[in-house]
Amino acid sequence: MLILQRKEGQSLTIDDRIVVTVQEIGQGRVRLSVDAPRDIAVLRTELVEAQRENRSAAQEKESPMQLLQMLRKENEK
């Protein structure tokens, strides 16, 4: 893992194709802009993780109704 420090307005370039620029820093948040070719997916990590979870859930053998019944039984205990 590479850790870099950047100031507002500064950028970093990845593979001569992707430029990430610090747009604004303030109150516990950093706003970034990403300039990348359209064929490169740029997603927030939480969306990638949710996508993985959804795919995993779609492969479950139990139906959503069966899972709901199992949850209800667990909550009754």
Does [X] belong to the same Ile/Leu/Val/Met/Phe/Trp/Tyr cluster as [Y], with side-chain heavy atoms less than 4.5 Å apart forming each link?
X	Y	result
Val34	Leu43	no
Leu12	Val19	no
Ile14	Val30	yes
Leu4	Val20	yes

From [X] [atom1] over to [Y] [atom2], what is the distance, rounded to the nearest 0.5 angstrom?
X	Y	atom1	atom2	value
Arg52	Arg55	CZ	CZ	9.0 Å
Asp15	Ile40	CG	CD1	7.5 Å
Leu32	Ser11	CG	OG	10.0 Å
Gln10	Glu8	CD	CD	10.0 Å

If you count the non-hydrogen atoms of other residues, nucleotides and ligands that lie under 6.0 Å from CG in Asp16, is the total more than 12?
->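 No, the 6.0 Å shell around CG holds no more than 12 heavy atoms from other groups.
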If you draw a 6.0 Å radius around CZ in Arg31, do more than 12 non-hydrogen atoms from other residues or ligands fall strictly inside?
->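 Atom CZ in Arg31 is not crowded, with 12 or fewer foreign heavy atoms closer than 6.0 Å.
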Report the C-alpha separation of Asp39 and Arg17 in whole Å, then their side-chain angles, then the decisive distance to 0.1 Å, and conclude whether the side-chain contact (heavy atoms from CB on, under 4.5 Å) test is met.
-> CA-CA 11 Å; Asp39 64 321; Arg17 299 177 52 188; 3.3 Å; yes
Minimum heavy-atom distance between Val22 and Arg6, given as atom pair plus value =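 Looking at all heavy atoms of both residues, the closest pair is CG2-CB, 3.7 Å.
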Take Asp35 and Thr21 through the test side-chain contact (heavy atoms from CB on, under 4.5 Å) and record every step on the way to the result.
-> CA-CA 8 Å; Asp35 184 13; Thr21 304; over 6 Å; no
Would you say Gln23's side chain and Ser33's backbone share a donor-acceptor pair under 3.5 angstrom?
->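 No.
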Members besides Ile3 in its Ile/Leu/Val/Met/Phe/Trp/Tyr cluster (side-chain heavy atoms under 4.5 Å) |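 Cluster partners of Ile3: Met1.
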